[in-house]
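In what follows, a single structure is set out as structure tokens and then discussed.
As the structure is a prediction and not an experimental result, all values here were calculated from the model. We name chains A, B, ... by the order of the sequence lines, and we start the count at 1 in each one.
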Protein chains: 2
Amino acid sequence: MALSPLAQRFVLHFGEMGSRWGINRTVGQIYALLYVSPAPLNADQIAEALGFSRSNVSMGLKELESWRLTRVQHLPGDRREYFATPDDVWAIFRTLAEERRKREVDPTLTMLRDALIEAPTSDDDAHVQARMREMHDLIDLVTTWFGDVQRLESSTLQQLMRLGAKVVKLFEFKDRVGSGAALRGRSASAPAKVS
Amino acid sequence: MALSPLAQRFVLHFGEMGSRWGINRTVGQIYALLYVSPAPLNADQIAEALGFSRSNVSMGLKELESWRLTRVQHLPGDRREYFATPDDVWAIFRTLAEERRKREVDPTLTMLRDALIEAPTSDDDAHVQARMREMHDLIDLVTTWFGDVQRLESSTLQQLMRLGAKVVKLFEFKDRVGSGAALRGRSASAPAKVS
DNA sequence: TCGAATTTTCAATAGATCCTGAAAATTCAG
DNA sequence: CTGAATTTTCAGGATCTATTGAAAATTCGA
């Protein structure tokens, strides 16, 4: 199970990158290894390929599982568990985005909401709350929007992204044609909630 | 310069959150403090308000500066530097996104591109490259798109986001009306680059 | 149910990062 | 140019995180 130089570069890069977010080197490397592996691997194979202790790999796999980034399967006549990553990169992207939202964004939104229902007790606090509200509204808008488009079919989402800033043209186009018929519900010209 | 309980909660939360990404507690707290502060603060005020050493604050401010998240100003007749965050939350959002792309995404894209121009030397490596290409194409599409829409006016961007998944309706609307006139250049039905 | 195979837990330590105080460097009024 | 005010640097200690080996727990075929 020696890694090819190509695979090794990929794996090491993810190890380094991992530590640039909160995730640690081991976890990053294990994920990268599983991602490029042509077949699922068991924990011993991972430990050997990466030169980590068996127990470290066990920890790392548990962490990846908590991010919903692994699939587990069994081979016939083998009791060991074999690990792989989901195949579809768009599915992986969605999962990652969702988990990060849950861990990094939601707690902040909650804190902001809690703080915003209290009555300010001074002018300074009124200012603090005003700033908190600006942040809250931005985060709220961005995450709601993100959750919204994320639920689209991968192919639709890709179309949309390829369009890039040109969606705005569509926008103007619609206004020119002058029909709101295609857009029921939340309107493009709803009153601004964000500063 | 004692913090109100409200401001304190905000500041402490950002300290904790900070460490959930790569950024450390000190930096998170300093940023949060500046963000809600009604007036710019000098380093001593920050150190006192947060209970950090002067030198720690100096480090933290340098880090924030490297993220382009501070503005520096001088008060007349005072040699000390006074720090604030940019006012516009959308500008802050853009800056953060750009910096994170530079630090976290671009190096990965570079690594992937470099690895993808090499000729695979085995079947396994061919598979590794195929997986790397999937990842590359996804990241490339998402970051290009993001850079694209990020350059829009804040108000346009907000409109777009409020629309949410309903942009797709616009899409269908355009197809029904049957005109490509509004969409020159990169087309919505361009051949797929991504799996 | 037993026991071998496998996985998980956990206390101990290795390693990384943070934070400080003291000293060096810089800035600027006079 | 001088020296006080201010900021930055940096080595060392404090604190936090990662990693390991050994032991406990679990799983499952016989």
Side-chain angles (χ1 to χ4, degrees), chain A residues 1 11-12 14-34 40-67 69-84 103-104, chain B residues 1 11-12 14-34 40-67 69-84 103-104:
Chain A
M1 274 303 295
V11 161
L12 291 178
F14 262 71
E16 298 312 317
M17 268 329 192
S19 41
R20 202 168 290 200
W21 322 346
I23 200 172
N24 77 27
R25 199 170 51 96
T26 317
V27 174
Q29 290 195 14
I30 294 176
Y31 178 77
L33 176 63
L34 294 179
L41 301 174
N42 66 45
D44 287 308
Q45 291 173 313
I46 298 170
E48 204 234 313
L50 301 179
F52 296 140
S53 74
R54 187 44 242 271
S55 56
N56 199 359
V57 169
S58 181
M59 301 276 217
L61 286 169
K62 237 181 55 179
E63 172 83 9
L64 284 176
E65 197 175 351
S66 84
W67 283 89
L69 287 175
T70 50
R71 286 187 302 109
V72 184
Q73 60 182 252
H74 282 274
L75 295 179
D78 189 337
R79 274 174 56 183
R80 287 169 295 184
E81 297 189 298
Y82 283 79
F83 298 86
R103 295 164 191 232
E104 297 169 13
Chain B
M1 274 304 292
V11 161
L12 291 179
F14 261 72
E16 299 311 317
M17 268 330 192
S19 43
R20 202 168 290 199
W21 323 344
I23 201 173
N24 78 25
R25 200 169 51 96
T26 317
V27 174
Q29 292 195 13
I30 295 176
Y31 178 76
L33 175 63
L34 295 179
L41 302 175
N42 66 44
D44 286 309
Q45 291 174 311
I46 298 170
E48 204 234 314
L50 301 179
F52 296 141
S53 72
R54 186 45 241 269
S55 56
N56 198 2
V57 170
S58 179
M59 301 276 218
L61 287 169
K62 239 181 55 181
E63 172 83 9
L64 284 176
E65 197 176 352
S66 84
W67 284 88
L69 288 176
T70 50
R71 286 187 301 109
V72 184
Q73 59 182 253
H74 282 272
L75 295 181
D78 189 337
R79 272 173 60 183
R80 287 169 296 182
E81 296 190 297
Y82 283 78
F83 298 87
R103 294 164 191 231
E104 297 169 12

Task: Covered region of DNA chain C, 5' end to 3' end, by chain A [heavy atoms, under 4.0 Å] - done: C:dA4 to C:dC10
Open item on the list: Walk me through whether A:Phe52 and A:Met59 qualify under side-chain contact (heavy atoms from CB on, under 4.5 Å).
Closed with: CA-CA 11 Å; A:Phe52 296 140; A:Met59 301 276 217; over 6 Å; no
- [ ] Please list residues of residues 69-79 of chain B whose heavy atoms come under 4.0 Å from any atom in DNA chain D, ordered by number; otherwise none.
- [x]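 Within this stretch, B:Arg79 sit under 4.0 Å of the strand.
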Expected rows: protein N/O vs nucleotides 13-20 of chain D N/O, under 3.5 Å:
unit_1	atom_1	unit_2	atom_2	d
D:dT19	OP1	A:Arg25	NH2	2.7
D:dT19	OP2	A:Thr26	OG1	2.2
D:dT20	OP2	A:Ser53	N	2.9
D:dT20	OP2	A:Ser53	OG	2.9
D:dT20	OP2	A:Asn56	ND2	2.9

Open item on the list: Can you give me the bend angle of the helix from C:dT1-D:dA30 to C:dG30-D:dC1? Use the axis through the first five pairs and the one through the last five, nearest 10 degrees.
Closed with: 30°
TODO: Could you please spell out the steps behind the side-chain contact (heavy atoms from CB on, under 4.5 Å) verdict for B:Tyr31 and B:Glu63?
DONE: CA-CA 10 Å; B:Tyr31 178 76; B:Glu63 172 83 9; over 6 Å; no
Open item on the list: Please evaluate residues B:Lys62 and B:Ser66 with respect to the criterion side-chain contact (heavy atoms from CB on, under 4.5 Å), reporting the C-alpha separation (whole Å), side-chain torsions for both, the decisive distance (0.1 Å), and the verdict.
Closed with: CA-CA 6 Å; B:Lys62 239 181 55 181; B:Ser66 84; over 6 Å; no
Which atoms form the tightest heavy-atom contact between [X] and [Y], and what is the distance?
X: A:Thr70; Y: A:Glu65; value: OG1-CA, 3.7 Å
X: B:Gln29; Y: B:Gly15; value: CG-CA, 3.7 Å
X: A:Ala32; Y: A:Phe14; value: CB-CB, 3.6 Å
X: B:Arg25; Y: B:Glu16; value: CD-OE2, 4.5 Å
X: A:Glu81; Y: A:His74; value: CG-CE1, 3.7 Å

Open item on the list: I need the B:Leu50 CG to B:Leu41 CG distance, nearest 0.5 Å.
Closed with: 9.0 Å
Open item on the list: For A:Leu61, give me all partners under side-chain contact (heavy atoms from CB on, under 4.5 Å), at least two apart in sequence or on another chain.
Closed with: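 Counting only residues at least two positions away or on another chain, A:Leu61 forms a side-chain contact (heavy atoms from CB on, under 4.5 Å) with A:Ile30, A:Leu34, A:Ala43, A:Ile46, A:Val57, A:Phe83.
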Task: Those residues that, when tested against A:Asn42, pass side-chain contact (heavy atoms from CB on, under 4.5 Å) (two or more places apart) - done: A:Asp44, A:Gln45, A:Arg80, A:Tyr82
